[in-house]
Number of protein chains: 2
Amino acid sequence: MVQKRKSAASPPSSAEAAPVKRRGRPRAYEPDVALAKALDLFRKDGFAGTSLDDLSAATGMNRPSLYGAFGDKRALYIKTYERYRADARAAMQEAFKGDLPLRKRLQRIYAVALDIYLSGEEGPRGCFTVMTAASEAVADPDIRAMVLSGFHELDKAFAICFRSAQETGELPPSADPDVLAQMASATIHTIAIRARARTPRKDLEAIVRGAIDLMCGAGKG
Amino acid sequence: MVQKRKSAASPPSSAEAAPVKRRGRPRAYEPDVALAKALDLFRKDGFAGTSLDDLSAATGMNRPSLYGAFGDKRALYIKTYERYRADARAAMQEAFKGDLPLRKRLQRIYAVALDIYLSGEEGPRGCFTVMTAASEAVADPDIRAMVLSGFHELDKAFAICFRSAQETGELPPSADPDVLAQMASATIHTIAIRARARTPRKDLEAIVRGAIDLMCGAGKG
DNA sequence: GATATATTATGCGAGACGGTATAAAAATCA
DNA sequence: TGATTTTTATACCGTCTCGCATAATATATC
């Protein structure tokens, strides 16, 4: 993967700083917002259920422009997935990083997750990682690797979370942070799936509450 | 829904008993095995990813026969889903019903689930309910209702399981069977999803072990 | 102004799609 | 045997699919 163009001596900090007078006809679209629109469509209808015409209509770019900017449909899907992951990571990171007590931290994490999964004008869009696992991941090795990395990243973040809680004494030494992390991820997965079936937010929040109670009371045996 | 044909005085017990000499050209396919083949395809590639030509090739029925036997593609999908549910229910029921101690019972339940999710010649097919939730459930109310009923059925079966364990003293009175049931379902969902991404069976079994430990040691605070 | 470059816009093309109309085939009934 | 019934087999319809070839447009450079 070679970096194309991008004037050699670009300002080191902000990638968006100078308009950088480019040579030909100027773009009629902003790649970032077009990618966001494409992501919306893919999250709603999945890979097979979204046509290039749909994508073209949603982004305002006609098909040749789409193709030139992002490559073919699969390449575009992968780019939207990477965008999703970056967005989700950014949203989750502060919830994970906070110095709050374990309970509060988990509450915030799941609240952010629910915001992501329940958003969508034409119905809750769920978790794109989970949806991709359910569809493309079996047959496509590259996409499968991305999905697995998504699962792993979440597992690890939760594990760190529980381990630090154990160190501060919020969890007993008998608790297993890795097992708890997998249950925390399982809770993420179940609410993502159920959200797609339009389970009301309050029901999902009840599931989260129960899971948090179980995880925070763990190992006291 | 009117019952068509089926000679009025059919043997009450076995539905497969008499060949029942029918009038026209005999069928070249068995509806049951054709439906099973269609189910295999839908589980592998999903609704949008499976074409009528694929279904025709897999079942050995040409498209008009498919249409005559099962209706259009959506109707066929719904019939395959009902078949999946019936099969899964039959396989799970004995694991749920046994008089084994809670731990052993959960172990058997998850073993059966893993067998279902990991089967498939071209990769693990996962849970059809979960896959349908991820794809068609948002936009199609009928399919959504079936998916929700699938989730509910599982939640209820687990709740009964934990409640009876509580009555026999295997779980303390402080445990909440409904919360435990939702965690048990979440564990089902997470292994179904991860199976689709080809997570090895031993990893999934480790997740199951941890979840069982957590659930069986619950409420001892 | 002329040329080079980069994008947009139009539209084609070969094939796949879901669905169905029509004709051939294979059985029962009279 | 001939008529009836049920299914299979072939072929087609109009539409959508993805990808690209071509031409028009808008900018920077010379």
Side-chain angles (χ1 to χ4, degrees), chain A residues 2-8 10 18-35 37-38 41-42 45-80 135-136 139-140, chain B residues 2-8 18-35 37-38 41-42 45-80 135-136 139-140 143:
Chain A
V2 181
Q3 185 97 355
K4 275 196 287 190
R5 223 161 304 111
K6 180 182 231 182
S7 61
S10 67
V20 180
K21 291 225 168 169
R22 297 158 54 87
R23 202 138 125 88
R25 175 171 175 170
R27 282 184 175 142
Y29 63 92
E30 292 179 55
D32 277 1
V33 321
L35 199 60
K37 295 279 190 188
L41 265 194
F42 277 137
D45 297 325
F47 179 80
T50 305
S51 73
L52 284 187
D53 278 336
D54 296 336
L55 293 163
S56 180
T59 59
M61 305 165 63
N62 37 35
R63 281 206 302 284
S65 292
L66 263 180
Y67 198 83
F70 303 112
D72 68 6
K73 193 183 173 185
R74 177 173 171 278
L76 173 55
Y77 187 83
I78 291 176
K79 286 192 172 67
T80 62
S135 50
E136 316 308 318
D140 191 314
Chain B
V2 181
Q3 185 97 355
K4 275 196 286 189
R5 224 161 304 111
K6 179 182 237 185
S7 61
V20 180
K21 292 227 168 166
R22 295 157 55 88
R23 203 143 123 85
R25 174 171 177 171
R27 281 184 176 143
Y29 63 92
E30 292 179 57
D32 277 1
V33 321
L35 200 60
K37 296 278 190 188
L41 265 194
F42 277 137
D45 297 325
F47 179 81
T50 305
S51 72
L52 283 187
D53 279 336
D54 296 335
L55 293 163
S56 180
T59 59
M61 304 164 63
N62 37 37
R63 279 206 303 282
S65 293
L66 263 180
Y67 199 83
F70 304 113
D72 67 7
K73 191 184 176 186
R74 178 173 170 278
L76 173 56
Y77 187 84
I78 291 177
K79 287 192 172 66
T80 62
S135 49
E136 316 308 317
D140 190 314
I143 293 181

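Each chain gets a letter, A, B and so on, in the order its sequence line appears, and its residues count up from 1. What you see is a predicted model, and the numbers here were worked out from it, not measured in a lab.
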Q: Given side-chain contact (heavy atoms from CB on, under 4.5 Å), test A/V33 with A/T59 step by step and report yes or no.
A: CA-CA 8 Å; A/V33 321; A/T59 59; over 6 Å; no

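For residues 55-67 of chain A, proximity to DNA chain D is found at A/R63, A/P64, A/Y67, defined as any non-hydrogen atom under 4.0 angstrom from a strand atom.
To the nearest angstrom, C1' of C/dC17 lies 8 Å from NZ of B/K73. The separation between A/L76 atom CG and D/dG19 atom C1' is 14 Å, rounded to whole Å. Look at CG on A/L52: it is 20 Å from P on D/dT15, rounded to the nearest Å. Separating the CZ atom of B/F47 from the P atom of C/dC17 is a distance of 13 Å, rounded to the nearest angstrom. Going from atom CG of B/L41 over to atom P of C/dG18 covers 12 Å, rounded to whole Å. For the pair B/D53 CG and C/dG19 C1', the computed distance is 11 Å after rounding to whole Å.
Residues that satisfy the side chain to side chain contact (heavy atoms under 4.5 Å, CB included) test with A/P64, not counting sequence neighbours, are A/N62. Applying the side chain to side chain contact (heavy atoms under 4.5 Å, CB included) criterion to B/A57, with sequence neighbours excluded, gives no partner residue. For B/D140, the salt bridge (charged side-chain N to carboxylate O under 4.0 Å, His left out) partners two or more places apart in sequence, or in a different chain, are B/R74. Taking A/A69 as the reference, A/Y29, A/M61 meet the side chain to side chain contact (heavy atoms under 4.5 Å, CB included) condition, with sequence neighbours excluded. Taking A/D53 as the reference, A/R63 meet the salt bridge (charged side-chain N to carboxylate O under 4.0 Å, His left out) condition, with sequence neighbours excluded. Every residue meeting the side-chain hydrogen bond (donor to acceptor under 3.5 Å, both in side chains) condition with B/D54, not counting sequence neighbours, appears here in chain and number order: B/S51.
B/L35 is not listed as a side-chain neighbour of B/D32, based on a closest heavy-atom distance of 4.5 Å or more.
Direction of the helix axis in the helix from C/dG1-D/dC30 to C/dA30-D/dT1 shifts by 10° between the two five-pair termini, rounded to 10°.
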Could I get a table of every N or O pair under 3.5 Å where one atom is in the protein and the other is in nucleotides 27-30 of chain C?
from, atom 1, to, atom 2, distance (Å)
C/dA27, N3, B/R23, O, 3.4
C/dT28, O4', B/R23, O, 2.9
C/dT28, O2, B/R23, NH1, 3.3
C/dC29, O4', B/R23, NH1, 2.6

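Each ring-ring contact (aromatic ring centres under 6.0 Å, His included) pair with one or both residues in residues 54-77 of chain A, not counting sequence neighbours, appears once here: A/F42-A/Y77, A/F47-A/Y77, A/Y77-A/F128.
Within the structure, every side-chain polar atom (N or O) of A/S51 is placed at least 4.0 Å from both OP1 and OP2 of D/dC16.
Across C/dT7, D/dT7, D/dT17, the shortest atom-to-atom separation from the side chain of A/Y29 is found for C/dT7.
Between the side chain of B/K79 and the backbone N or O of B/G71 there is no donor-acceptor pair closer than 3.5 Å.
Looking at every heavy atom in both residues, B/L66 comes nearest to B/S56 through CD1-N, 3.8 Å.
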